[in-house]
Amino acid sequence: MYGQSLVISEVRLTPVLVADPPLLNTQGVHQPYTPRLIIEVVTEGGVTGVGETYGDGKYLELARPFAAGLVGRAVSDLNGLFTLADDVAVNAARVDAAVDVGGLRGVQTADKLRLSVVSGFEVACLDALGKALGLPVHALLGGKVRDAVEYSAYLFYKRAEHPAGTVSEPDDGWGAALDPAGIVAQARLFTERHGFTSFKLKGGVFPPDEEIAAVRALAEAFPGAPLRLDPNGAWSVETSLKVAGEIGDVLEYLEDPALGTPAMAEVAAGASVPLATNMCVTTFEEIPEAFAGDAVQVVLSDHHYWGGLRRTRELAAVCRTFGVAVSMHSNTHLGISLAAMTHVAATVPDLRHACDSHYPWQSEDVLTERTRFVDGRVAVTDTPGLGVELDRDKLAALHARWLDDGFRALRERDDAAAMRVTDPRWVAPAAPRW
Ligand SMILES: O=C([O-])C(=O)C[C@H](O)[C@@H](O)C(=O)[O-]
Ligand SMILES: [Mg+2]
């Protein structure tokens, strides 16, 4: 295979809208469909690599000029992706005092926006390079140190269905989960369907006492199982300390209880449970303050906004140096990103916590075969590249849905807007909410 041209002759960008259940978080509720961007790079040698990233307008805006600049470069020129990204202009209105999805993914800077786009292209280039060389992506990252990657069940408070008339198939098969019994029932479904043995509950939805009760119910139903609670910064320092005091004994970690590094440092100083984050440490620039102040004990990397799989490994090395653990954050994603997450996680030596994944919530995918969790784990494939195959019909159908969204109501993720469909007075709550 080697000797064929690795030069990129074509880049295809396909925005899609993917079905998403009515999952609740502190900002509101997920819309019936969520945007993702599917990236294909085609080499002169005839190999196609696939990548995936966020699909809202602000990412598409950057992906288009980036894709044009990529033609003529080699898929092996991975460092060149970052210099190319530096030249892509970011509209100041996109980042001026803005936070992503109401802050669920931390600050929004021009660099972070660029990195969120670069990462999709990096994965596509690695997939193409691996296919051309006959090597799996994990080998291009230095080789796997485990044969399967563990994921946790990502539990959400959830409505039974989206508002009438907004989806063609309202029953997603999961039912509602709005109290401790509902959360335990959902957790049981996760274990039956996918074999997960650790659980993360998305909090910040109901007053803390209700969420404490849900965690206690999980601890009773699954004795000894690692549990996490993530209110996305919805609590004050005082509330965070109270929750940590009440359920710290059953938590593996508490994720982003309070907003911002100074508040997290205060919580960390007064709590015995470790704190994790995907909100206050989301860029390399945010590391010094957080680590110097011992504000977080686990950083949840998201290769999409950290700039790709190689940057995720760099993050893991920095964390290792400072004695901070690393694991993986997730956002609504498809099988391409699950494969990318699995390859990189397979190469990180000291991964001690199960990774997050929304994938079980996504009934639709753009792959010929859905990726399976067995005993809560995804097997690390040795197939060249990512080891996934694009299903063109499925891709076309999800793209047609994106094209049909004439009013562009769903092309931008907006959990607060989705909440207003049933509660017109809803505004995303200011933090701290409790
Ligand atoms: O760990 C997290 O903070 C997330 O997974 C952020 C997501 O946006 C989550 O809150 C969601 O999907 O609603
Ligand atoms: Mg989180």
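In listed order, ligands and their atoms are each counted from 1. Remember, predicted model here, so these are calculated numbers, not experimental data.
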Exercise for the section: Flag the pair K242 and E246 as a salt bridge only when some basic side-chain nitrogen lies within less than 4.0 angstrom of an acidic carboxylate oxygen. Expected result: yes
Exercise for the section: Return a yes/no value for H30: is any of its N or O atoms, backbone included, closer than 3.5 angstrom to an N or O of ligand 1? Expected result: yes
Problem - Ligand-residue contact atoms, ligand 1 with N25, heavy atoms, under 4.0 Å - result: 10 (O), 11 (C), 13 (O)
Fill in the blank from the handout: For Y154, the ligand 1 atoms with a heavy-atom partner under 4.0 Å come out as 1 (O), 2 (C), 4 (C), 5 (O), 9 (C)
Exercise for the section: Determine whether any heavy atom of H333 lies closer than 4.0 Å to an atom of ligand 1. Expected result: no
Exercise for the section: Select one of side chain, backbone, both or neither to describe which atoms of H358 lie under 4.0 Å from any atom of ligand 1, heavy atoms only. Expected result: side chain
Handout entry: Test item, R105 contacting ligand 1 (heavy atom, 4.0 angstrom)
Key = no
Problem - Region of N331 engaging ligand 1 - heavy atom pairs below 4.0 Å - result: side chain
Problem - Per-atom contacts, ligand 1 versus D230 - under 4.0 Å to a heavy atom - result: 1 (O), 2 (C), 3 (O)
Practice task
Under 4.0 Å from a heavy atom of K202: give me the atoms of ligand 1 that qualify, with their elements.
Solution key: 1 (O), 2 (C), 3 (O), 4 (C), 5 (O), 6 (C), 9 (C), 10 (O)
Handout entry: Close approach, N232 and ligand 1, non-hydrogen under 4.0 angstrom
Key = yes
Exercise for the section: Show your reasoning for whether ring pair (Phe, Tyr, Trp, His ring centres under 6.0 Å) applies to F156 and H358. Expected result: CA-CA 10 Å; F156 276 84; H358 282 61; 5.5 Å; yes
Fill in the blank from the handout: K200 heavy atoms within 4.0 Å reach ligand 1 at atoms 1 (O), 2 (C)
Practice task
Report yes or no: is the cationic atom of R310 (NZ for Lys, CZ for Arg) closer than 6.0 Å to the six-membered ring centre of F82, at no more than 45° off its axis?
Solution key: no
Practice task
For this output row, return yes or no: ring centroids of H194 and Y151 closer than 6.0 angstrom.
Solution key: no
Practice task
Look at the N, O or S atoms of T277, main chain and side chain alike, and state whether any lies under 2.8 Å from the Mg ion (ligand 2).
Solution key: no
Practice task
Establish, for the pair R114 and F66, whether the NZ or CZ atom is under 6.0 angstrom from the six-membered ring centre and no further than 45 degrees off its axis.
Solution key: no
Fill in the blank from the handout: ligand 1 to R413, heavy atom cutoff 4.0 Å, flagged ligand atoms 8 (O), 11 (C), 12 (O), 13 (O)
Problem - Donor-acceptor contact present, side-chain R433 to main-chain G233, <3.5 Å - result: no
Practice task
Would you mind running through ligand 1 and noting each atom that sits below 4.0 Å from a heavy atom of S330?
Solution key: 4 (C), 5 (O)
Problem - 2.8 Å cut-off met by an N, O or S atom of E255 to the Mg ion (ligand 2) - result: yes
Problem - Test item, E255 contacting ligand 1 (heavy atom, 4.0 angstrom) - result: yes
Practice task
Please say whether more than 12 non-hydrogen atoms of neighbouring residues, nucleotides or ligands are located less than 6.0 Å from CG in D423.
Solution key: yes
Exercise for the section: Determine yes or no for a side-chain-to-main-chain donor-acceptor pair under 3.5 angstrom, with E150 supplying the side chain and G376 the backbone. Expected result: no
Practice task
Looking at D230, pick out the N, O or S atom nearest to the Mg ion (ligand 2) and give its name.
Solution key: OD2
Exercise for the section: Specify the closest pair of heavy atoms between E211 and W235, including all atoms of both residues, with the distance to one decimal. Expected result: OE1-CZ2, 3.9 Å
Practice task
Provide the closest heavy-atom pair for L259 versus A431 in the form atom of the first, atom of the second, distance.
Solution key: CD2-CB, 3.7 Å
Completion exercise
The atoms of ligand 1 lying under 4.0 Å from a heavy atom of N278, numbered in the order shown, are 1 (O), 2 (C), 3 (O)
Problem - Check: L386 main-chain N/O paired with H343 side-chain donor or acceptor under 3.5 Å - result: yes
Practice task
Please confirm if an N, O or S atom belonging to D356, backbone or side chain, lies less than 2.8 Å from the Mg ion (ligand 2).
Solution key: no
Exercise for the section: Write down the atom of Q27, the atom of A428, and the distance for their closest heavy-atom approach. Expected result: OE1-CB, 3.2 Å
